[in-house]
Asks: 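Supplied in structure tokens, the structure appears directly below.
Remember, it's 1-based here, ligands and their atoms both numbered in the order they're listed. Positions are given from 1, in the same order as the sequence printed here. Remember, predicted model here, so these are calculated numbers, not experimental data.
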Amino acid sequence: MCLMVMSMLSCQLGTQKNAKDKPLNVIYIMADDHAYQAISAYGSEISKLAPTPNIDRIAQNGARMDQVYCTNSICGPSRSSILTGQFSHLNGFYKNVDGGDFNGDLLTFPKLFQQNGYETAVIGKWHLGTTPQGFDHSKVLINWGGQGTYFNPQFCVNGVDTLVETTRHSTQVIEDDCIEWLTEQRDPGKPFMLLYQFKAPHRDWRPDSMYHDLFADFDFPTPLSFDDAYEGRPAAAENMMEIENHLNRRDMKQVPPAGLTRRDSMRWLAYGDKGQFWTPHDSLQGEDLKHWKYQTYIKDYLRCVAGVDRAVGRVLDHLEETGLDENTIVVYTSDQGFYLGEHGWFDKRWMYEESFKMPFVVQCPGVIEPGTESDHMAMNIDFGPTLLDMAGLDVPSTMQGKSFKSAFDDNDEPGRTAVYYHYYEYPIWHKVQPHYGIKSGPYKLMHFYYSMDEWELYNLDDDPHELNNMYASAPDSLIQRLEAELKALQVEFGDDQSLEDMKLMTDTVIARVYSEPRKALERKEGAK
Ligand code: SGN
Ligand code: CA
């Protein structure tokens, strides 16, 4: 009790001091496709063999959140929900493919920081098509459809200049740029808000050569659901993201035969995407082939993670060396979760736990007690409101998200009691049926509605790996209660449209009207 009161006092004093004496800066670090299973602060078996000491430092200095969820587990849509604090159907950017471009005129949390006197910057992956708005400085990846590449990445600087980096790995460039902006470019007289966003560890998992030998002398264990046969889950059975059947030659770092044209070489490398069988040697088949694919995949993925962890360490060191850590909120998260062999998969998109749950660690001295572990339930639309609230700024009512700052107070107000999810993109890339659902307490109810009408229900306390769909056997009263909660969330978030209208969103093709690399290059050409 005494301890509680003391820490409460120190929290409140800390908050006042930071807020009054010095405004809080924000460094929001986001990797691409970084699963919580690959962050050692979250304690998974594989992360014990591939630790992330620097990301863990943030959790030790502050908090690790264990129930943070994505509203639509795919890159562009998650990023636009984070920026706007709104669900995909409201901000309009709900698919990566055929979903158009992000409407840069929308109100975003970086714009609010900027309007309140902060110097703002975004460095690294953006993937939203249109030029970043609301930033005093932007340097974002633009090649490979906005994904960027690990080697020879192309960047757009402040919406105009494009430059190709030919020497450093993408993680290294983004790391160096971040330090350069912090030390040389920003106005030291102003508080700052930086989005520091990596391409790694996104597909096709190409690590910096300095990590090539990492994990060379042992193999990683496979997760419990690695050989899932998808019984009782027709949507899952239809997937095209199996390690055994859908990794292509490019993913496995195969080298095309000499003499192919560029086009044929691309085709050769993409072979496997659609389930075509291939093996690097005729002698490698069956279980051995599956095992080789998993080890090749997981090792390269974790080598990319090692690079990101190094880059996180560098910025944390910089903050500590300059004393900036005292008044800077540092967040580390990912645009969504990812499968590291669970259900036999790579990729994301599903509302199953591994891709639905986002890693989220945050430090802020004087505000967050070091070593906090929080099971406060939150969604990605809550990130902007939380950062604004922590910095003492108002959250506009147009944002559907709400601050979870209270997760860090001892007088912890209850967080959300349930979270809502909706995914639309189909069939590309990995044949994941559009679905919506609710997670409430230990229960998860999902509806796959596009070209099937299938419900799934799990009790995560009994079935944490989501292998037993209990929808058909569950008591009616439980289903009715969850369906009512689900409906209430749909109404609250304005997603209570008909199934026909939902399907239409998947079918609608919205062309990209804006091509950043082309426009930027045209502008450059014109200026000559
Ligand atoms: C690429 C990948 C897909 C991945 C999407 C979306 N294929 O298209 O496997 O699902 O990105 O990823 S690749 O062969 O081009 O790597 S996201 O992070 O942008 O949502
Ligand atoms: Ca992603």
Asks: Whether Asp382 and Lys402 form a salt bridge (side-chain N of Lys/Arg under 4.0 Å from carboxylate O of Asp/Glu) is what I want to check.
Replies: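 Salt bridge between Lys402 and Asp382, a charged N being under 4.0 Å from a carboxylate O: no.
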Asks: Can you list the ligand 1 atoms lying under 4.0 Å from a non-hydrogen atom of Asp32?
Replies: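 Within the 4.0 Å cut-off of Asp32, ligand 1 contributes 18 (O).
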Asks: Tell me the nearest of Gly145, Cys75, Ser73 to atom 17 (S) of ligand 1, using heavy-atom distances.
Replies: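 Closest candidate by heavy-atom distance is Cys75.
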Asks: With heavy atoms of Asp347 as the reference, note each atom of ligand 1 found under 4.0 Å away.
Replies: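 Answer for ligand 1: 4 (C), 9 (O), 10 (O).
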Asks: Given Gln147, Lys348, Glu425, identify the one with the heavy atom nearest to atom 18 (O) of ligand 1.
Replies: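 It is Lys348 that holds the nearest heavy atom.
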Asks: Decide, yes or no, whether a salt bridge links Asp98 with Lys95 under the criterion of side-chain N to carboxylate O below 4.0 Å.
Replies: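 No, Asp98 and Lys95 are not salt-bridged.
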Asks: Return a yes/no value for Asn248: is any of its N or O atoms, backbone included, closer than 3.5 angstrom to an N or O of ligand 1?
Replies: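 The answer is no, given that Asn248 and ligand 1 share no N or O pair closer than 3.5 Å.
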Asks: Could you tell me, atom by atom, which parts of ligand 1 come under 4.0 Å of a heavy atom of His127?
Replies: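 What qualifies from ligand 1 is 19 (O).
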Asks: Considering only heavy atoms of Asn96, which atoms of ligand 1 have at least one such atom less than 4.0 Å away?
Replies: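 Numbered from 1, ligand 1 contributes 6 (C), 17 (S), 19 (O), 20 (O).
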Asks: With ring-ring contact (aromatic ring centres under 6.0 Å, His included) as the test, would you mind laying out the steps for Phe151 and His169 before giving the verdict?
Replies: CA-CA 5 Å; Phe151 294 99; His169 185 268; 5.2 Å; yes
Asks: Considering only protein heavy atoms, which is closest to atom 16 (O) of ligand 1, and at what distance to one decimal place?
Replies: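 That would be Arg203 CD, 3.3 Å.
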Asks: Testing Tyr332, Phe109, Phe360 for ring pair (Phe, Tyr, Trp, His ring centres under 6.0 Å) with Phe383, which one passes?
Replies: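 Option passing the ring pair (Phe, Tyr, Trp, His ring centres under 6.0 Å) with Phe383: Phe360.
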Asks: Is Gln197 reaching over with its side chain to a backbone N or O of Ile123, donor-acceptor style, under 3.5 angstrom?
Replies: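 Checking the backbone N and O of Ile123 against the side chain of Gln197, no donor-acceptor pair under 3.5 Å is found.
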Asks: Hey, is Arg233 close enough to Glu466 for a salt bridge, meaning N to O under 4.0 Å?
Replies: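 Salt bridge: no.
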Asks: Can you list the ligand 1 atoms lying under 4.0 Å from a non-hydrogen atom of Trp144?
Replies: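 Those atoms are 15 (O).
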Asks: Find all atoms of ligand 1 within a distance of less than 4.0 Å from any non-hydrogen atom belonging to Asp33, and give their numbers and elements.
Replies: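 Under 4.0 Å from Asp33, ligand 1 has these atoms: 18 (O).
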Asks: So, Asn469 and Tyr230: side-chain donor and acceptor under 3.5 Å apart, yes or no?
Replies: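 Looking only at side-chain atoms, Tyr230 and Asn469 do not form any donor-acceptor pair under 3.5 Å.
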Asks: Phe87 vs Tyr420 aromatic rings, parallel, tilted or perpendicular, using cut-offs 30° and 60°?
Replies: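 Correct class here is tilted.
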Asks: Check the orientation of His435 and Tyr423. Use parallel for under 30°, tilted for 30 to 60°, and perpendicular for over 60°.
Replies: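 Answer is tilted, since the angle falls between 30° and 60°.
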Asks: Run the ring-ring contact (aromatic ring centres under 6.0 Å, His included) test on His34 and Phe338 for me, step by step, so that the C-alpha distance in whole Å, both residues' side-chain angles and the decisive distance to 0.1 Å come before the verdict.
Replies: CA-CA 7 Å; His34 193 174; Phe338 210 70; 10.0 Å; no
Asks: With the threshold set at 4.0 Å, does a side-chain nitrogen-carboxylate oxygen contact exist between Arg168 and Asp208?
Replies: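 Looking at Asp208 together with Arg168, the answer is no, because their closest N to O distance does not fall below 4.0 Å.
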Asks: Which residues and atoms, protein N, O or S only, are under 3.0 Å from the Ca ion (ligand 2)?
Replies: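 The answer is Asp32 OD1, Asp33 OD1, Asp335 OD1, Asp335 OD2, Gln336 OE1.
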Asks: Please work out whether the ring planes of His447 and Trp455 are parallel, tilted or perpendicular, with thresholds of 30° and 60°.
Replies: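 Judged by the thresholds at 30° and 60°, the geometry between His447 and Trp455 is parallel.
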Asks: Considering Arg349, His430, Arg79 one by one, which has a heavy atom nearer to atom 5 (C) of ligand 1 than any of the others?
Replies: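 Ranked by closest heavy atom to atom 5 (C) of ligand 1, first place is Arg349.
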Asks: At the 4.0 Å heavy-atom cut-off, does Arg250 count as touching ligand 1?
Replies: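 Checking ligand 1 against Arg250, which is what was asked, there is no heavy-atom contact under 4.0 Å.
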